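Since the model is a prediction, treat every value here as computed from it, not as a measurement. Atom set for the values below is all heavy atoms of this structure, side chains included, hydrogens, waters and symmetry mates excluded.
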Amino acid sequence: MPVARTRSGAGVPATDEAGVLARLGIRREQDLALHLPIRYEDETRITPIGAARPGQTAQVQGRVARHEVLTRPRRALTVELRDDSGAIALRFLHFYGSQLRQFATGNRVRAFGEVRGGLFGLEMVHPRYRLVGEHEPLPDALTPVYPTVSGLGQARLRSIIRRALGALDWCETVPSDVLGRLGLPEAAEALRAIHLPSPATPADALHERATAAWRRVIFDELLAQQLSLKRARAARARHAAPVLADRTRVQRLLAALPFRLTGAQQRAWHEIGTELAAAQPMNRLLQGDVGSGKTVIAALAAAQAIGSGWQAALMAPTEILAEQHLRKIGPWLERVGARIAWLSGSSKESDKREVRARVAAGDVDLLIGTHALIEDRVAFARLGLAIVDEQHRFGVVQRLSLRGKLEAAAALLPHQLMMSATPIPRTLAMSYYADLDVSVIDELPPGRRPVRTRLVSEARRDEVIARVRAAASTGRQVYWVCPLIEESEALDLQTAIDTHAALAVELAPLHVGLVHGRLPAADKQAVMAAFAGGSVQVLVATTVIEVGVDVPNATLMVVEHAERFGLAQLHQLRGRVGRGTGESVCVLMYRAPLSAAARERLKTMYETADGFEIARRDLMQRGPGEFLGARQSGEALLRFADLERDGDLLEAAREVAERLLREHPGQADEHLRRWFGGREEFLRA
């Protein structure tokens, strides 16, 4: 196991203990120093027993007056501890014979724990305790409590970390003038103040990570993130990319479209088209609210690549979304002579082999599909552009696989365009997307009408059914989204089947369709085609319709148990209606009572349709890890920084990262080694 060297030559503990530490992400001495407390306990003072109060966490000290093992109502060891002010019972439901000797009458014991009011006075259940001498000194710092796993107790972990702190030669990586300007201490001093804070440190400041020491650690984490992303951008700029400069097919496609681009679409296309024509690889995020028209920009980018003699690939996270692209982009590009192919996991093996052979031979201009595009057996003859839709919905390992395939595809690095209908808040764009250029489509196409949102209690389900029937009777169509059951995909499926069966009876003679993730691809396609064609009036669905479904005649959506969905999902679902010129409504049906978080989510959906505002509130509620889909990676994104709270430090970290890379590249390397080791690629996924 690689370890950081220290002045004493010590490393991370060996053998079994190293394995336990590895489960905490601790593999080097630096990792020990950066394994920071989640809270603190104050063992620097003794509370007289008589002054202790129920509900208080306190440290008491006294002599053992007596102890006994009780057998009823359950076996327990009870120790009576006394000082000059009173007595308290220490109760142990699990104990060993050796403890009976420790609690011999007259022994002096120091105990720390929560004080409770028992039947016979004050008590502590399973307190932390130790035998002490007559004049045993108290600690001079608060006691840290660390995240840990089974097999590694707090006492042992504290000992390992304290030893590492004493031995590690933690050199400074940030210029002193920066520290002075920001009012931050040196790194080694900050770490000691966090691991072993003075009792005088305000508890609130420690808890809120607002002390100067905590702000230094947060700044260092943000600086490491910025260094990594800026270095990735610089490395990519050193690669060559195919020059995709032929606009002939682009002009033909623009002339064939039945609409004009909005001003925002024109701005985004100018940025993307210009970069495609350059010899450096584009790495751009195209973001825009639901229905803003990102798909046509993707089609134009593909047309420019194909017209320049190169292939393009478009990857989407679900078959429904990928099929939607095939139906929408396919006809557009076929009009300008492009050869389109489709590849998904559910395709027949014989079809997959045929498509892979055509792609490898250069007989396919645009390959559309799901993650099947990044399988090892898929090889492009001349891949010039990769388009990834809803990229944050892919797992980190999938995103890394795609990047690896692109980088290994040829001496020239393909251009990459990522698209997201989940707008990225500014602080997130400054941090996690700092290695990307961002284009924003911030206006909707003309004729699109806002969707009205209604919050309705489940108790009024009959009224909702009547509204669905009324909408269908006027020739409109309806989505009915089934509740999300996080614990089980099988339960999601069964709920959808049951809901479909019930609505088919309640809404007869309307034709009610059903679509879900487990449906065979051909059946799914048939149901969606029937809904798009109008022969299915009501479509019961799971969240597979969250993105990519475009049926302008659908003007009503009902989301059952809306309190179970996240803000981003609700916003995406609501975007499935309001795609035509008719007035559209989204009914969020909830079951009372609502939790505070669920109430806040539904309130947000009712108050605003602005995707950027919804994204900002979503980030505040969930944090960046879940917002970005990063839970799938198993890697924490930012362990200590909070993008809302620490925006000033993020701004400073961006500036300092540029300076370090320009003036002190060695210090930048050391800073990155300290924070990431070999795990930088997860940050950039």
Is the closest side-chain heavy-atom distance between Leu602 and Leu570 below 4.5 Å? yes

Keeping the roles fixed (side chain from Gln59, backbone from Glu43), state whether a donor-acceptor pair exists under 3.5 Å. yes

Rounding to 0.5 Å, atoms CD1 (Ile297) and CG (Leu417) come to a distance of 9.0 Å

Electrostatic pair Glu670:Arg673 at N-O distance under 4.0 angstrom: yes

Stepwise, does the side-chain contact (heavy atoms from CB on, under 4.5 Å) test hold for Phe219 with Val178? CA-CA 11 Å; Phe219 173 79; Val178 172; 4.3 Å; yes

Would Gln226 and Val656 count as a side-chain contact (heavy atoms from CB on, under 4.5 Å) here? Give the steps. CA-CA 9 Å; Gln226 294 298 305; Val656 175; over 6 Å; no

Glu443, CD: over 12 other non-hydrogen atoms inside 6.0 angstrom: yes

Is the backbone N or O of Pro147 less than 3.5 Å from a side-chain atom of His35, with the two atoms forming a donor-acceptor pair by type? yes

Is a donor on one side and an acceptor on the other found under 3.5 Å between the side chain of Glu172 and the backbone of Ala187? yes

Contact between Ile46 and Val60 at the side-chain level, heavy atoms closer than 4.5 Å - yes or no? no

State whether a side-chain donor-acceptor pair under 3.5 Å links Glu271 with Ser439. yes

Over all heavy atoms of both residues, which pair between Pro185 and Ala212 is shortest? Give the atoms and the distance, please. CD-O, 3.5 Å

Got a sec: does the CG of Asp140 have more than 12 other heavy atoms crowding it under 6.0 Å? no

Main-chain N/O of Thr173 paired to Gln667 side chain as donor or acceptor, under 3.5 Å: yes

Given side chains that start at C-beta, do those of Met418 and Ile387 come closer than 4.5 Å, heavy atoms only? no

Hey, does Pro175 have a side-chain heavy atom less than 4.5 Å from the side chain of Arg659? yes

Between His195 and Tyr146, is the ring centre distance below 6.0 Å? yes

Has Arg639 got its NZ or CZ under 6.0 Å from the middle of the six-membered ring of Trp675, at an angle within 45 degrees of the ring axis? no

Between His415 and Met282 (side chain of the first, backbone of the second, donor and acceptor by atom type, cut-off under 3.5 Å), is there such a pair? yes

Listed partners of Ala155 passing side chain to side chain contact (heavy atoms under 4.5 Å, CB included), at least two apart: none

CG (Leu672) and CD (Gln225) are apart, to the nearest 0.5 Å, by 11.0 Å

Between Gln56 and Arg53, is there a donor-acceptor pair closer than 3.5 Å when you use the side chain of the first and the backbone of the second? yes

List the atom of Thr44, the atom of Ala141, and the distance in Å for their closest heavy-atom pair. CG2-O, 3.3 Å

Indicate yes or no: does Arg231 engage Asp669 in a salt bridge with an N to O separation below 4.0 Å. yes

Which atoms form the tightest heavy-atom contact between Ala190 and Ala213, and what is the distance? O-CB, 3.5 Å

Residue pairs passing the side chain to side chain donor-acceptor pair (under 3.5 Å) test where at least one lies in residues 595-605, sequence neighbours excluded: Lys603-Glu607, Thr604-Arg617

Could you work out, with side-chain hydrogen bond (donor to acceptor under 3.5 Å, both in side chains) as the rule, every residue matching Arg110, not counting sequence neighbours? Gln61

So does Glu41 pair up with Arg128, basic N to acidic O under 4.0 Å? yes

Given side-chain contact (heavy atoms from CB on, under 4.5 Å), test Arg23 with Leu152 step by step and report yes or no. CA-CA 11 Å; Arg23 286 160 56 197; Leu152 185 63; over 6 Å; no

Minimal heavy-atom distance between Leu660 and Leu223, with the atoms involved, is CD1-CD2, 3.9 Å

Do Ile160 and Glu17 have side-chain heavy atoms sitting under 4.5 Å apart? yes

On a heavy-atom basis, the closest approach of Phe112 and Met124 is C-SD, 4.3 Å

Which heavy atom of Ser420 sits nearest a heavy atom of Leu285, and at what distance? CB-CD1, 4.2 Å

Step-by-step salt bridge (Lys or Arg N to Asp or Glu O under 4.0 Å) determination, Arg181 to Asp177: CA-CA 6 Å; Arg181 175 165 54 86; Asp177 63 301; 5.7 Å; no

Nearest 0.5 angstrom please: Arg215 CZ to Leu649 CG, how far? 4.0 Å

Would you say Arg674's side chain and Ala224's backbone share a donor-acceptor pair under 3.5 angstrom? no

Checking side-chain contact (heavy atoms from CB on, under 4.5 Å) for the pair Leu206/Leu142: CA distance, chi angles, key distance, verdict? CA-CA 11 Å; Leu206 279 174; Leu142 299 178; 3.7 Å; yes

Crowding at NE2, His126 (>12 non-hydrogen neighbours, <6.0 Å): yes

Value for CG (Leu385) from CG (Leu383), rounded to nearest 0.5 Å, stands at 7.5 Å

Would you confirm whether Tyr40, through its side chain, and His207, through its main-chain N or O, come within 3.5 Å as a donor-acceptor pair? no

Mark yes or no for whether Arg158, through its side chain, and Pro144, through its backbone, hold a donor-acceptor pair below 3.5 Å. yes

Any sub-3.5 Å donor-acceptor pair from Gln154's side-chain atoms to Val145's backbone N or O? no

Can you find a heavy atom in the side chain of Val20 that is under 4.5 Å from one in the side chain of Thr148? no

So, taking the atom named CZ in Arg162 and the one named CG in Leu157, what distance separates them when rounded to the nearest 0.5 Å? 11.5 Å

Let's go through Glu136 and Arg130 carefully: what are the C-alpha distance in whole Å and the side-chain angles of both, what is the deciding distance for salt bridge (Lys or Arg N to Asp or Glu O under 4.0 Å) to 0.1 Å, and is it a yes or a no? CA-CA 11 Å; Glu136 185 92 11; Arg130 64 191 185 95; 3.3 Å; yes

Check whether any side-chain heavy atom of Ile614 sits under 4.5 Å from a side-chain heavy atom of Arg574, and report yes or no. yes

Output the distance between atom CG (Asn283) and atom CZ (Arg233), rounded to the nearest 0.5 Å. 8.0 Å

For the residue pair Arg284 and Glu275, establish whether any side-chain heavy-atom pair is separated by less than 4.5 Å. yes

